[in-house]
There are 2 protein chains.
Amino acid sequence: MENRTQTSLIALRRILRATELNARTLARATGLTTPQLIVLEIVAAAGRLTPKDIAARAGVGQATATSLVDKLEARGLVTRTRGEQDRRVVWVAPTQAGLEMLKAAPDPLQRTFSQQFEALPDWEQAMIVAALERVGAMLNAGAIDASPLLDVGAVDRK
Amino acid sequence: MENRTQTSLIALRRILRATELNARTLARATGLTTPQLIVLEIVAAAGRLTPKDIAARAGVGQATATSLVDKLEARGLVTRTRGEQDRRVVWVAPTQAGLEMLKAAPDPLQRTFSQQFEALPDWEQAMIVAALERVGAMLNAGAIDASPLLDVGAVDRK
DNA sequence: AAAATTCATTCGCTAATCAAATCATATTTT
DNA sequence: AAAATATGATTTGATTAGCGAATGAATTTT
């Protein structure tokens with residue numbers, strides 16, 4: 001593998017690791033677990049969402065989404081309401097308390113990043129945006145082709 | 001928040017998400033879970049390690065490390081050996097089977113990324129490396145980061 | 001109207017994770 | 001040397017996450 005590829009991968013892992021650590025810290029600060037916090041953020045960002053959409057956006061199964069919403073509802077951070085026209089759907093929406101919790105626990109990673117990013121010269125901002133998008137596209141491309149292959153060639157399934 | 005900041009954050013999240021999906025796929029392919037795979041990689045990279053060090057590098061508690069090692073040992077992927085001079089410590093080392101599993105399950109994310117990255121024109125490679133390193137530095141600015149996983153081909157969890 | 005579909009939830013199960021307690025071995029103090 | 005302290009691994013007990021399959025309710029298609 002080429003040297004620069006290696007360097008990119010290391011940089012990428014450092015980014016991932018920083019994000020991960022941040023998520024844990026943040027979760028601890030709010031008293032929620034990371035997945036719960038993610039769901040709360042997703043719901044707050046969207047205004048209201050169905051469990052199905054929450055599952056899709058959070059990348060978990062529907063059953064898991066339901067149980068996470070359970071926890072949040074029990075803590076009074078979100079509400080459930082049956083759909084009006086389609087009564088199969090359930091609308092999950094943040095409560096005032098839920099919104100305040102998100103405000104009270106501003107994501108430190110995001111804050112640090114934003115501050116520093118906005119202080120960069122214009123050309124560097126542009127470069128970073130372009131590079132991040134490029135990398136994201138590259139990774140997503142791989143995820144799509146790779147998965148079907150891997151399911152077949154399982155190595156040591158029990 | 002500025003528009004470009006927002007765009008960067010979205011791109012970042014997309015990268016994160018791709019990585020998460022990749023971890024799950026990989027875990028499925030090997031029959032191991034992501035944390036188990038991480039531990040195996042850490043151990044293989046170090047040659048041999050104590051549970052305490054595994055815990056530190058994987059960023060989990062000692063108890064968790066023990067239970068993960070249990071799983072790997074049960075599958076014959078690592079061995080436990082009591083320390084010679086200090087019999088309190090336990091050395092965890094990969095077996096041949098463990099090493100082979102790592103070889104047989106190359107990280108698809110890494111592979112795809114590498115392939116695509118190496119196909120890029122020189123200037124773009126340079127740009128991406130610079131941008132990723134910049135972002136990593138920015139994110140790590142706040143937290144003191146031990147980043148123990150970096151040298152390993154870790155998959156990263158969510 | 002019957003069949004198929006769609007959504008949410010429940011159920012049974014496995015894994016991850018932590019904190020506290022426990023056990024064995026070293027090291028330090030008295 | 002004996003007692004106290006420290007260290008490392010493990011066990012125990014509990015919670016949370018997560019999945020797939022089954023269930024139930026409501027809607028759409030045939």
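Letters A, B, ... are given to chains in the order of the sequence lines, protein chains preceding strands, and every chain is numbered from 1.
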How close or far is atom [atom2] of [N] from atom [atom1] of [X], stated in whole angstroms?
{"X": "B:Arg48", "N": "D:dA9", "atom1": "CZ", "atom2": "P", "result": "12 Å"}
{"X": "B:Asp70", "N": "D:dT12", "atom1": "CG", "atom2": "C1'", "result": "13 Å"}
{"X": "A:Arg87", "N": "D:dT27", "atom1": "CZ", "atom2": "P", "result": "7 Å"}
{"X": "A:Leu32", "N": "D:dA17", "atom1": "CG", "atom2": "C1'", "result": "14 Å"}
{"X": "B:Lys52", "N": "D:dT10", "atom1": "NZ", "atom2": "P", "result": "13 Å"}
{"X": "A:Leu68", "N": "D:dA17", "atom1": "CG", "atom2": "P", "result": "5 Å"}
{"X": "A:Leu49", "N": "C:dA8", "atom1": "CG", "atom2": "P", "result": "10 Å"}
{"X": "A:Asp86", "N": "C:dT6", "atom1": "CG", "atom2": "P", "result": "12 Å"}

| task | Select one nucleotide: of C:dT17, D:dT10, C:dA8, the one nearest the side-chain heavy atoms of B:Ser67. | result | C:dT17
[X] vs [N]: side-chain N/O to OP1/OP2 distance below 4.0 Å:
{"X": "A:Gln62", "N": "C:dT10", "result": "no"}
{"X": "B:Thr66", "N": "D:dT10", "result": "yes"}
{"X": "A:Thr64", "N": "D:dA17", "result": "no"}

| message | Does anything in residues 71-84 of chain A come within less than 4.0 Å of DNA chain C? Heavy atoms only, and list the residues if so. | response | A:Arg80
Flag, side chain of [X] to backbone of [Y], donor-acceptor distance under 3.5 Å:
{"X": "B:Arg82", "Y": "B:Arg88", "answer": "yes"}
{"X": "B:Thr95", "Y": "B:Gly76", "answer": "yes"}
{"X": "A:Gln62", "Y": "A:Pro51", "answer": "no"}

| message | So B:Arg4 and A:Asp122, do their side chains get closer than 4.5 Å, heavy atoms only? | response | yes
| request: Could you tell me which residues satisfy side-chain hydrogen bond (donor to acceptor under 3.5 Å, both in side chains) with B:Glu73, sequence neighbours excluded, listed by chain and number? | output: B:Arg80
| Presence of donor-acceptor pair under 3.5 Å, side chain of B:Arg88 and base of D:dT7 | yes
| said: Run the side chain to side chain contact (heavy atoms under 4.5 Å, CB included) test on A:Leu132 and B:Leu132 for me, step by step, so that the C-alpha distance in whole Å, both residues' side-chain angles and the decisive distance to 0.1 Å come before the verdict. | reply: CA-CA 8 Å; A:Leu132 287 180; B:Leu132 287 180; 4.2 Å; yes
| query | What is the nucleic acid contact for B:Thr50, judged by heavy atoms within less than 4.0 Å: base, sugar-phosphate only, or nothing? | reply | sugar-phosphate
| said: Restricting to side chain to side chain contact (heavy atoms under 4.5 Å, CB included), what partner residues turn up for A:Arg75, sequence neighbours left out? | reply: A:Leu32, A:Gln36, A:Leu77
